[in-house]
Each structure stands twice: as C-alpha cells, then as structure tokens.
Protein chains: 2
Amino acid sequence: MAYRETEKMRKRKAEARQRIVSCAYQCVAENGFRSARVTTIAAMAGVATGTIYRHFESKEDLFAEIFRLATQREVDKVAEALASHGDATVRLEAALRQFAERALRGPVMAWSLIAEPVDPKVEEERLAYRQAYAELFEQAISEGMEEGCIPEQDARQSSTCLVGAIAESLVGPLSPAQINSRAEPRNDNYEPLVNSILRFCIQGLTGTRR
Amino acid sequence: MAYRETEKMRKRKAEARQRIVSCAYQCVAENGFRSARVTTIAAMAGVATGTIYRHFESKEDLFAEIFRLATQREVDKVAEALASHGDATVRLEAALRQFAERALRGPVMAWSLIAEPVDPKVEEERLAYRQAYAELFEQAISEGMEEGCIPEQDARQSSTCLVGAIAESLVGPLSPAQINSRAEPRNDNYEPLVNSILRFCIQGLTGTRR
DNA sequence: ACAAGAACTGAATAATGATTCACTTGTTTG
DNA sequence: CAAACAAGTGAATCATTATTCAGTTCTTGT
C-alpha cells in the first residue's frame, strides 16, 4: 500500500473547505445569494471550480450551509440577549432590539436571510431559522407567564407574531432599493424605528403601554 | 388599403389575452409561480407559445399581471370588510379575519402571494401589495385614533406590524409541505388559529385584552 | 378574388450557469 | 524512487426554459 489519509491532509482539506465557506459567506454578505456564482467563489478562494464540488454536493448545499452559519450567529446573539437579567418582558425587549439593530447594521445579509428569494433547500433552512427564533421567544414568553409579567396566551403563536412583525417592519428598510440609495457614510439613527416596532410588540404581548 | 383594425378583431384579441391570463392564473393557483411554464400556459390557452409574446413583453410581465390581479381581489375583500359598520377596532378585526381566512381557504395562491420566491418584477408587485394592505390598515388605525378607540401611535408602523404578524403566522400553515400533507377533504377549523393571531394584533394595537 | 397587412405558429435558438470528468499534480509509504 | 492513490483542475458539457422569427394563416376592404 502507499497512500493513506493523514492528519496533514485532513487539515489542509479542512482549510480549503473553510476558505470556500468564508468566500461564499463574503459574496452573500455583499450581494446576496442570487448573484453569488460558483465560479466567482472558487476564484476568490483560490481553487478551481471543480474543487467546490469535492466539498459540497451542489451549490444549493453550499448555500444552505452559508445560510445556517449566518443564522446561527444571529440566533446566538438573540439567545444571549434573552439570557440577560431582568424580568421576561425586559429580556424579550432586549432580544427584539438586538434582532432589529443587527439587521439594520448588516442589511444585505439580513435581507438575504429574511426576504431574498432563494432556492428550495435554502428556503428550508429559512423555515428552520424562523422556527429557531420562534422557539427562543416562546420559551421567554412562557417564563414571563410564570413570572406573572405576561398574561396567559398561546406562547408559540405570540412568538410567531413577534417574528413576523419585526421581519415585516424591516423588509422595507432592508430592501436593496433602500440600501443602495442611502448615502455613505451610513450613520442612520435606527432608534425611532426600532422603538416604534418594539412598542407594538411589547404591547401585543403584555397589553400594556409604556 | 385593405386590412384595418376592426371591432371584431379587437374583441378576439382581448379574448385571447383573457384566456392566457386565466390559464396562467389557474396554473399559479394550482402550483405556484415557480413551476408555471410559458409553454404549458400556452397549451392550456390553446395558442402557440409565441402568441403569449404578442400580449406580454415577457413571462415576468405576465406573472406580474397575474400577481396584481390576485392581489386586487384580496385587497378588495379586505377593504370591503374595513368599510363595514362598527368602531375602528371592530372593523380592523373583521378585516384581519377576512385576510387570514381567505388565505387559509386558498392556500396555494396565498403562499405564492406572501412567501413564494419570485422574480424581481413580481417581487416589486409584492412590495406594492404589502403596501396596499399597510395603507388600508393605516387609514383605519388613524380613524380609530380619532374615534378614541385606539391610542396614539405611529399608524403606518403599526399597520406594517399587523401585516407581518399575520403573514408570518400563515407561512407555516400555508407552506407547501403542510398543504400537501393534509388530508382531503379539507374541513379544517381555522377558528382557533385565527382568533389567536387576532388577539395579539388587537392587543398590539389597543393595549387591551378581551 | 386579391392585395395588404395583422396575427399566429412552433421548431429552432439563445442565454445562463451549474456540474462533470479526463487529466494533472501532490502525497504517502515501502 | 516508484507505486498507489487522493485531490485538484478548468474547459467542455449539459440542462433548462424563455424567447425569437421566418413562414403560414386569417381578416379586411375593394
């Protein structure tokens, strides 16, 4: 015998894969899924087109992974905010704010995750992504009901409404038309928009105005 | 001279166009935009492929028209509900209910209008569609604030949240996976789902539980 | 019936990109 | 070093459909 898989090779291969993933990520973050080309990504990563297919079944699979990755970052941040101190309402508000502000600061990727038309496999990931949020919020709402700061309700349903209300409110501001037409440097003040969204969300949850 | 445009021909042409439109509509209502083929539509309408292009610049244009048409029906129904009697809150609730129930009864088309990935020109129509709803609701919310049954708030922002909360709540139940797996005959009871969505929406608007 | 012009036809074309694969290069071990 | 095998290469291929257009058929007014 002669060749055997070795640690060195395993590592090199993993590095190449990693390079492909980050270049693909960058492409998507800059221009969305639609305009990301396999050949471009390969060139950026310094590999041949075919090499992409040694690491991923298909473009859709690669993109699904990118989506999952980007998603995970966002969900983690929201989970983090949700784990902070305060009663459930306060924590939920912090989490929703995190969600909205991060989206507004990284609008191209946010738009890709929330609203860009994507292929079926990626769309599946999107459903999972929305569910991940819904589950996080659901958990917090349930806690709030136990704590007594949120009245009895269908926690899952309310959490879905939260995700929808925020996502819809962001679709306009995040749409490519809006993004491309805004001046550099971007120093927008998101406060009023975010506050206004949160007012509706918190009130929908608790029935109280502040 | 010989040929001149005549009433008879104008009518015949309009009929052909109409036939194309309704066949395209039917295709979309049955399987969504993605799987609707120009050649299939032509065959259904009993014309040659090329004929489609005598009536529409491109497939995207045809689809944009279909989208607009389908949209108009829905928006009209909601506007109608919004024009009924009662205070603004009652009218809004009726309108939101109309929106949700109609979607659940015609799930394939509703999914296409709300969430199916579509081409850019159609996506534009979708933005317009969502705005049409947002404007209707905004108007009603403003009236409610004048009447005093809805507290002061950014009417446009709230109306956007309404659209989002409902749309998101429907995405799950309307997704092709859900739809295809449900038994025939469909005799689902939508009441609980719809009530639960409305609870959140009305409370978000008015800050009161019922 | 005929000429002039519209409208219709549908097989052929075009465009877009993802994917493949025969070949080259690199790695490992005896 | 050589054999054995893996990994990498990228030009060529393939697949999918929208779109075109040269030729045909239909309408109209004389």
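Letters go in sequence order (proteins before strands), and every chain restarts at 1. The figures that follow rest on heavy atoms only: side chains count, while hydrogens, waters and symmetry mates do not.
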Checklist entry - For Ser58(B), which contact category applies under a 4.0 Å heavy-atom criterion: base, sugar-phosphate, or nothing? => result sugar-phosphate
Checklist entry - OP1, OP2 of dT9(D) versus side-chain N and O of Arg54(A): anything below 4.0 Å? => result no
Next on the checklist: In this structure, how many angstroms lie between the C1' atom of dG17(C) and the CG atom of Leu62(A), rounded?
Outcome noted: 15 Å
Checklist entry - Which sits closer to the 5' end of DNA chain D, Gly46(A) or Glu60(B), going by the nucleotide each is nearest to? => result Gly46(A)
Item to check | Rounded interatomic separation in angstrom, taking CD1 from Ile52(A) and P from dC21(C) | outcome: 18 Å
Item to check | Length of the line joining Glu15(B):CD and dA7(C):C1', which is rounded to integer Å | outcome: 15 Å
Item to check | Between C1' of dC8(C) and CZ of Arg19(B), the distance in whole Å | outcome: 12 Å
Item to check | Pair Gln26(A), Glu30(A): side-chain N/O donor-acceptor within cut-off below 3.5 Å | outcome: yes
Next on the checklist: Checking contacts here: which listed nucleotide (dT9(C), dT9(D), dT19(D)) is nearest the side-chain heavy atoms of Tyr53(B)?
Outcome noted: dT19(D)
Checklist outcome for this item: Closest of dT20(C), dG10(D), dT9(C) to the Ala48(A) side chain is dG10(D)
Checklist outcome for this item: Out of dT28(C), dA18(D), dT9(D), minimum distance to the side chain of Arg37(B) belongs to dA18(D)
Checklist entry - Between Glu57(B) and Glu7(B), which has a closest nucleotide on DNA chain D that is more 5'? => result Glu57(B)
Item to check | Distance, rounded to the nearest Å, where Phe33(B) contributes CZ and dA18(D) contributes P | outcome: 14 Å
Checklist entry - Between Lys59(A) and dG17(C), does any side-chain N or O lie under 4.0 Å from OP1 or OP2? => result no
Item to check | Gap between atoms CE and C1', on Met9(A) and dG26(C) respectively (whole Å) | outcome: 7 Å
Item to check | Validation row: Glu116(A), Pro176(A) side chains within 4.5 angstrom (heavy atoms) | outcome: no
Checklist entry - Taking the six-membered ring for Trp, are Tyr133(B) and Tyr129(B) parallel (under 30°), tilted (30 to 60°) or perpendicular (over 60°)? => result perpendicular
Next on the checklist: Could you tell me if the side chain of Asn195(B) sits less than 4.5 Å from the side chain of Arg97(B), heavy atoms only?
Outcome noted: yes
Checklist entry - Under 4.0 Å: is that the gap between some side-chain N or O of Thr49(B) and OP1 or OP2 of dG10(C)? => result no
Checklist entry - Do Glu143(B) and Gln139(B) have a side chain donor and acceptor closer than 3.5 Å? => result yes
Checklist entry - Whole-Å distance between dA18(D) P and Ile41(B) CD1? => result 8 Å
Next on the checklist: Strictly below 4.0 Å: does Arg12(B) bring a side-chain N or O up to OP1 or OP2 of dC8(C)?
Outcome noted: no
Checklist entry - What is the distance, rounded to the nearest whole Å, between atom NZ of Lys8(B) and atom P of dT27(D)? => result 5 Å
Next on the checklist: With a 4.0 Å limit, can you tell me whether Lys13(A) has a side-chain N or O closer than that to the phosphate oxygens OP1/OP2 of dG8(D)?
Outcome noted: no
